[in-house]
Q: 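Quick one: the structure is below, and I'll ask about it shortly.
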Amino acid sequence: MEINEDIVIVGAGIGGLATSLGLHRLGVRSIVLESSDSLRTSGFALALWTNAWRALDALGVGDSLRQRSIHFTRFQAFSANSGLPTAEISLEADNKPIDYDSRCIKRQEIVETLEKELPPGTIKYSCRVISIQQFGLYKLVHLADKTIIRTKVLIGCDGVNSVVAKWMGLPKPIDANRSAIRGYVEYPKTHGFEPKFCAYFGGGVRIGFLPCDHKSLYWFCTFTPSDVDYGIWRVNYHRKVI
Ligand SMILES: Cc1cc2nc3c(=O)[nH]c(=O)nc-3n(C[C@H](O)[C@H](O)[C@H](O)COP(=O)(O)OP(=O)(O)OC[C@H]3O[C@@H](n4cnc5c(N)ncnc54)[C@H](O)[C@@H]3O)c2cc1C
């Protein structure tokens with residue numbers, strides 16, 4: 001089966017949904033191809049700063065997402081070795097742009113909000129792109145189910161192992177040698193933590209937590225393997241290259 005579409009976006013993550021919504025706001029139709037059979041709402045949360053909130057405002061969803069998050073007003077750093085505070089800065093509006101904003105929001109809220117604003121049928125689920133071919137001024141997008149979509153414009157928002165980026169000849173992703181564990185805690189009642197971003201640094205490890213709203217907290221631990229002895233954080237780690 002062959003289908004014609006003016007604009008095809010690959011990937012219904014935050015990037016693909018935001019791109020399609022941006023086009024929709026300008027009156028331009030697009031379709032979004034997603035390999036998964038439904039919206040991928042899993043994951044935990046993202047700390048979003050002013051630039052991201054400006055982008056969400058431009059898409060017309062900033063205020064609705066603000067209502068589901070709290071502005072965190074301070075950042076406090078601690079030593080991972082001693083647990084003692086090492087620095088604290090205010091994230092209040094003093095000396096900052098008038099629209100300065102720093103909030104953490106559940107990933108599910110972002111993707112569902114973007115998805116709801118799109119015209120029905122924009123996202124085509126269970127559509128995995130397996131290859132792309134140039135055909136004159138067009139691109140032929142081949143799907144796993146053998147459908148071919150002929151399009152003038154192809155936009156790759158298909159994540160770290162992007163088929164589109166590979167087809168364009170972009171370099172492979174670089175291994176940043178950093179790993180991450182993320183989590184999200186929902187309390188039955190209020191958690192009682194201040195609206196503050198707390199982060200512990202030391203020995204290549206960064207552990208942080210911050211409230212999304214009055215009942216939920218996002219936490220993460222990222223680490224860069226190192227042979228250096230940092231006291232309690234001694235990490236002798238051999239990476240398996242896949
Ligand atoms: C399920 C999930 C959970 C996440 N959770 C967190 C989190 O808790 N905290 C955090 O900071 N970041 C998280 N991230 C990462 C973060 O959302 C992204 O790094 C960032 O938003 C960039 O998004 P993106 O749209 O560019 O790519 P991605 O979020 O990676 O989205 C790419 C989309 O493209 C689809 N796709 C890939 N290949 C194809 C193909 N060949 N054909 C069709 N579709 C394809 C994927 O299924 C995916 O939906 C998560 C990402 C995902 C996918």
Side-chain angles (χ1 to χ4, degrees), residues 3 5 7-23 30-49 51-56 59 61 65 68-69 72 102-115 117-118 122-133 139-149 151 153-168 170 172-176 178-186 197 199 206-213 216-223:
I3 300 167
E5 289 288 347
I7 302 179
V8 171
I9 297 167
V10 186
I14 296 172
L17 296 171
T19 305
S20 183
L21 182 56
L23 291 169
S30 64
I31 61 159
V32 182
L33 305 176
E34 169 55 50
S35 55
S36 175
D37 60 5
S38 59
L39 193 65
R40 295 182 68 187
T41 56
S42 58
F44 298 100
L46 290 93
L48 302 182
W49 303 79
N51 56 348
W53 288 105
R54 280 183 191 154
L56 293 168
L59 295 172
V61 293
L65 289 171
R68 281 168 274 165
S69 61
F72 52 87
S102 44
R103 291 161 187 273
C104 183
I105 184 142
K106 198 174 179 183
R107 185 176 180 277
Q108 181 177 1
E109 306 270 15
I110 306 175
V111 289
E112 285 182 349
T113 300
L114 293 170
E115 186 259 354
E117 294 290 313
L118 289 171
T122 300
I123 309 172
K124 312 288 180 199
Y125 292 106
S126 304
C127 287
R128 187 164 70 85
V129 174
I130 50 166
S131 66
I132 300 151
Q133 228 184 323
K139 281 103 191 120
L140 299 182
V141 181
H142 295 260
L143 306 187
D145 68 0
K146 307 225 183 305
T147 302
I148 299 171
I149 304 177
T151 184
V153 179
L154 176 66
I155 303 174
C157 296
D158 45 343
V160 73
N161 290 314
S162 167
V163 174
V164 180
K166 190 175 170 196
W167 174 72
M168 291 174 71
L170 297 181
K172 283 185 183 169
I174 295 166
D175 184 347
R178 200 156 67 131
S179 304
I181 306 166
R182 303 181 190 282
Y184 185 83
V185 195
E186 273 181 358
F197 189 154
R206 188 167 55 175
I207 300 168
F209 64 90
L210 65 166
C212 293
D213 55 31
S216 60
L217 276 185
Y218 170 51
W219 63 265
F220 61 84
C221 170
T222 66
F223 56 97

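Read the numbers this way: they start at 1 and go in the same order the structure lists the ligands and their atoms.
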Q: Could you check whether atom NZ of Lys166 has more than 12 heavy atoms from other residues, nucleotides or ligands sitting under 6.0 Å from it?
A: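 Result for NZ/Lys166: open.
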Q: So, for atom 50 (C) of ligand 1, does the protein have a heavy atom nearer than 4.0 Å?
A: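 Protein heavy atoms within 4.0 Å of atom 50 (C) of ligand 1 - there is at least one.
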Q: Test side chain to side chain contact (heavy atoms under 4.5 Å, CB included) on Val163 and Ile130 and set out the steps.
A: CA-CA 7 Å; Val163 174; Ile130 50 166; over 6 Å; no
Q: Give the residue, atom name and distance (to 0.1 Å) of the protein heavy atom nearest atom 6 (C) of ligand 1.
A: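 It is Arg107 CD, 3.7 Å.
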Q: Are any of the heavy atoms in Ser36 under 4.0 Å away from ligand 1?
A: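 Outside the 4.0 Å threshold, so no.
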Q: Which ligand 1 atoms are under 4.0 Å away from a heavy-atom of Leu33?
A: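 Answer for ligand 1: 43 (C), 44 (N).
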Q: For the 3.5 Å polar cut-off, considering only N or O atoms, please tell me whether Val160 and ligand 1 meet it.
A: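 So ligand 1 has no N or O lying under 3.5 Å from an N or O of Val160.
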Q: Can you find a protein heavy atom closer to atom 29 (O) of ligand 1 than 4.0 Å?
A: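 There is a protein heavy atom less than 4.0 Å from atom 29 (O) of ligand 1.
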Q: How long is the span from the CD1 atom in Ile110 to the CG atom in Leu65, to the nearest 0.5 Å?
A: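 Reported to 0.5 Å precision, the distance equals 6.5 Å.
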Q: Step by step, work out the side chain to side chain contact (heavy atoms under 4.5 Å, CB included) result for Arg107 and Val111.
A: CA-CA 6 Å; Arg107 185 176 180 277; Val111 289; 4.1 Å; yes
Q: Out of Val129, Ile9, Val164, Ile110, whose heavy atom is nearest to atom 42 (N) of ligand 1?
A: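 Answer by nearest heavy atom: Val129.
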Q: If you apply the rule side chain to side chain contact (heavy atoms under 4.5 Å, CB included), what do you find for Ile123 with Leu17, and how did you get there?
A: CA-CA 9 Å; Ile123 309 172; Leu17 296 171; 3.5 Å; yes
Q: Using a 4.0 Å cutoff against the non-hydrogen atoms of Leu46, which atoms of ligand 1 qualify?
A: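 Per the distance check, 10 (C), 11 (O).
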Q: In Å and rounded to the nearest 0.5 Å, what is the CG to CD1 distance from Leu48 to Ile14?
A: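 One gets 7.5 Å once the value is rounded to the nearest 0.5 Å.
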Q: Looking at ligand 1, does any of its N/O atoms fall within less than 3.5 Å of an N/O of Arg40?
A: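 So ligand 1 has an N or O lying under 3.5 Å from an N or O of Arg40.
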Q: Taking the minimum heavy-atom distance to atom 23 (O) of ligand 1, which of Gly11, Gly15, Gly159 ranks first?
A: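 Result: the heavy atom closest to atom 23 (O) of ligand 1 is in Gly15.
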Q: If we count only N and O atoms by modelled type, under 3.5 Å, do the side chains of Thr122 and Ser20 hold a donor and an acceptor together?
A: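 Short answer, no.
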Q: Within ligand 1, which atoms have a heavy atom of Cys127 less than 4.0 Å away?
A: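 Selected atoms, number and element: 42 (N), 43 (C).
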Q: Strictly less than 4.0 Å: does any protein heavy-atom distance to atom 37 (C) of ligand 1 fall in that range?
A: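 Under the 4.0 Å cut-off, atom 37 (C) of ligand 1 does have protein heavy-atom neighbours.
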Q: Under 4.0 Å from a heavy atom of Gly13: give me the atoms of ligand 1 that qualify, with their elements.
A: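 Listed by number with element, the hits are 25 (O), 31 (O), 33 (C), 49 (O).
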Q: If hydrogens are left out, which of Ala180, Gly43, Gly16, Ala45 has an atom nearest to atom 9 (N) of ligand 1, that is, the closest non-hydrogen atom?
A: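 Nearest option to atom 9 (N) of ligand 1, by heavy atoms: Ala45.
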Q: Would you mind listing which atoms of ligand 1 come within a distance below 4.0 Å of any non-hydrogen atom of Cys157?
A: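 Those qualifying, in numeric order: 32 (C), 33 (C), 34 (O).
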Q: Within ligand 1, which atoms have a heavy atom of Arg128 less than 4.0 Å away?
A: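 Answer, ordered by atom number: 42 (N).
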Q: Counting heavy atoms not belonging to Arg68, are there more than 12 under 6.0 Å from its CZ?
A: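 Above 12, so yes.
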Q: Give the residue and atom name of whichever protein heavy atom lies nearest to atom 47 (O) of ligand 1, and the separation in Å to one decimal.
A: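 Looking at atom 47 (O) of ligand 1, the protein heavy atom closest to it is Glu34 OE2, 2.6 Å.
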Q: May I ask whether atom 1 (C) of ligand 1 is less than 4.0 Å from at least one protein heavy atom?
A: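 So far as the 4.0 Å threshold goes, atom 1 (C) of ligand 1 is in reach of a protein heavy atom.
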Q: Find all atoms of ligand 1 within a distance of less than 4.0 Å from any non-hydrogen atom belonging to Val10, and give their numbers and elements.
A: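 By the 4.0 Å cutoff, the relevant atoms are 42 (N), 43 (C).
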Q: Out of Cys104, Ala47, Ser35, whose heavy atom is nearest to atom 44 (N) of ligand 1?
A: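 Selected option, by shortest heavy-atom distance: Ser35.
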Q: Between Val163 and ligand 1, which part of the residue brings a heavy atom under 4.0 Å of the ligand: side chain, backbone, both or neither?
A: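 Side chain only.
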Q: Is the shortest side-chain heavy-atom distance between Leu23 and Ile7 below 4.5 Å?
A: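 Side chain of Leu23 against side chain of Ile7, heavy atoms only: contact under 4.5 Å found.
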Q: Looking at every heavy atom in both Leu21 and Leu114, which two are closest together, and how far apart are they?
A: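 Minimum heavy-atom contact is CD2-CD2, 3.8 Å.
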Q: For Lys106, is there an ion pair with Glu186 - N to carboxylate O distance below 4.0 angstrom?
A: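 Salt bridge: yes.
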